[in-house]
Protein chains: 2
Amino acid sequence: MKSEKISDAVVRRLPVYLRFLNELSLREVPTVSSQELGQKLDLNPAQIRKDLAYFGDFGRKGIGYDVSYLIEKIRQILNLDQQINVALVGAGNLGQALSNYNAYLKDNMKIVAVFDAAPSKIGTKINNITVQPIDELVETVQAMNIRIGIITVPDFEAQRVADQLVAAGIGAILNFAPTILKVPSEVRIHAADFTTDLLSLAYYLNDGKELTSNES
Amino acid sequence: MKSEKISDAVVRRLPVYLRFLNELSLREVPTVSSQELGQKLDLNPAQIRKDLAYFGDFGRKGIGYDVSYLIEKIRQILNLDQQINVALVGAGNLGQALSNYNAYLKDNMKIVAVFDAAPSKIGTKINNITVQPIDELVETVQAMNIRIGIITVPDFEAQRVADQLVAAGIGAILNFAPTILKVPSEVRIHAADFTTDLLSLAYYLNDGKELTSNES
């Protein structure tokens, strides 16, 4: 399995596993089965076993997974065995809301810098972090070893911010602006555009009408 | 293909296609090829052709897709040929930020009601919508024919809100609270938990260290 490419869907489930495992760890639960994981997370246990098997032979038949060991392995897989510093660009309502989630991130990931273009925002504090002008982005990202950027600026400013994050040497971007950004292939970008999420949900609204395809 | 189950990944790409097609339509571009779509959206053209073929034979060789026709078909597929009313529960920073996206939703989807538990919030306005007490949720959802609920309350309140949305007969929920909610199988729920997104991005940070699996 060494060089097998792991799908993004699998990678995205790992933090979900990690969060629940952390809960179990707090409650001092020593082991957990794929059935228990599946029931709690609404996933097929076979899917969970398959996901975790990509990374190694973690489970033991009849016992399940050792919670502490699995936490340690998933952290390693996700590069969370080191502290990952995050920059937030855009100190509007969304940026402020996201910075409140810092408490949930734990696991060695932390928003450590916030940037905004508006003079009225610069110098104010968001969750104890002083908002800096965007002009200082490149220098600060490099000085603080920031690896991930979150973009919460309006869509027409988003590409310029992305370019600056890339110039600063960032490795990954989470983009909340409802626009498609171009970045070099070595930079990983995820779109966290909730409008897409919301519109896709409408598909599942069933008025008892049968969805037929290939109609003509 | 009539009864073939369409994967959630495909469904989630449809609004992305729709947004770009709407842009093309505004610019009065009559047709678009899967190559152009792929380049703009950073997707494989073959993937795009495959996605759209689930729903019918939309493209014509050498010409591409008729923009207006494709918009109409995707809207139908997504149930957006009717107005879909949305309720937002939680009028904090995140709720306020999301309500600002109303302008981007277009496509017959609209946040029409906002609820909060805090007396200080009730009666205030968010984007011209008066915040109502959560007690009024069930009645308002039914009276306004609201089909989708967005949960932006703190995690410890989220399950109670989800239960009320379900009781009101909602069809789908977008959950921003960082917790797993239980809803009946006929209600579609998507987790829009950005911490999961963010933690999964760390996987793609490559320090030149080779990720090996099955080490022992």
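Fair warning: this is a prediction, and the values are worked out from it, not measured in the lab. Residue numbers begin at 1 in each chain, while the letters A, B, ... track the order of the sequences.
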> Is the backbone of A:Gln96 close enough, under 3.5 Å, to the side chain of B:Asn93 for a donor and an acceptor to pair up by distance?
Replying inline: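 Answer holds: no.
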>> Given heavy-atom pairs under 4.5 angstrom as the criterion, report whether the side chain, backbone, both or neither of B:Leu174 touches chain A.
In response: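 Contact with chain A is through both the backbone and side chain of B:Leu174.
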> Is it the side chain or the backbone of B:Phe20 that comes within 4.5 Å of chain A heavy atoms, both, or neither?
Replying inline: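 Nothing of B:Phe20, per the 4.5 Å heavy-atom cut-off to chain A.
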>> Once side chain to side chain donor-acceptor pair (under 3.5 Å) is applied, do any residues pair with A:Gln159, and if so which ones, sequence neighbours excluded?
In response: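 For A:Gln159 the side chain to side chain donor-acceptor pair (under 3.5 Å) partners, ignoring immediate neighbours, are A:Asp163.
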Between [atom1] on residue [X] and [atom2] on residue [Y], distance to nearest 0.5 Å:
X: B:Leu198; Y: A:Ile148; atom1: CG; atom2: CD1; answer: 5.0 Å
X: B:Glu23; Y: A:Thr179; atom1: CD; atom2: OG1; answer: 6.5 Å
X: A:Arg147; Y: B:Leu205; atom1: CZ; atom2: CG; answer: 5.0 Å
X: A:Ser200; Y: B:Leu18; atom1: OG; atom2: CG; answer: 11.5 Å
X: A:Ile189; Y: B:Leu201; atom1: CD1; atom2: CG; answer: 9.0 Å

>> Could you work out, with salt bridge (charged side-chain N to carboxylate O under 4.0 Å, His left out) as the rule, every residue matching A:Arg49, not counting sequence neighbours?
In response: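 Salt bridge (charged side-chain N to carboxylate O under 4.0 Å, His left out) list for A:Arg49, sorted by chain: empty.
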>> As an exercise: rank B:Leu98, B:Val187, B:Leu41 by heavy-atom pairs under 4.5 Å with chain A and give me the winner.
In response: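 It is B:Leu98.
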>> Shorter than 4.5 Å, heavy atoms on both sides: which option in B:Glu186, B:Arg13, B:Arg12 has the most such pairs with chain A?
In response: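 Counting heavy-atom pairs under 4.5 Å, the top option is B:Arg12.
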>> Between A:Val16, A:Ile84, A:Leu94, who has the most heavy-atom pairs with chain B when the cutoff is under 4.5 Å?
In response: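 Sorted descending by pairs with chain B, the first entry is A:Leu94.
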>> Tell me the closest heavy-atom pair linking A:Lys182 and B:Lys40, and the distance in Å.
In response: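 What the structure gives for the nearest pair is NZ-O, 4.1 Å.
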>> How close do A:Tyr203 and B:Asn79 get, counting heavy atoms only, and between which atoms?
In response: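 Nearest pair, atom of A:Tyr203 first, then B:Asn79: O-ND2, 3.4 Å.
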>> Does any backbone or side-chain atom of A:Ile150 lie under 4.5 Å from a heavy atom of chain B? Answer side chain, backbone, both or neither.
In response: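 Side chain of A:Ile150 only, per the 4.5 Å heavy-atom cut-off to chain B.
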>> Apply side chain to side chain contact (heavy atoms under 4.5 Å, CB included) to residues B:Arg19 and A:Leu199 and explain how you reach the verdict.
In response: CA-CA 10 Å; B:Arg19 185 164 59 209; A:Leu199 292 171; over 6 Å; no
>> Can you confirm whether B:Gln39 is buried at CD, in the sense that more than 12 heavy atoms of other residues, nucleotides or ligands lie under 6.0 Å from that atom?
In response: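 For B:Gln39, atom CD is not crowded (no more than 12 foreign heavy atoms under 6.0 Å).
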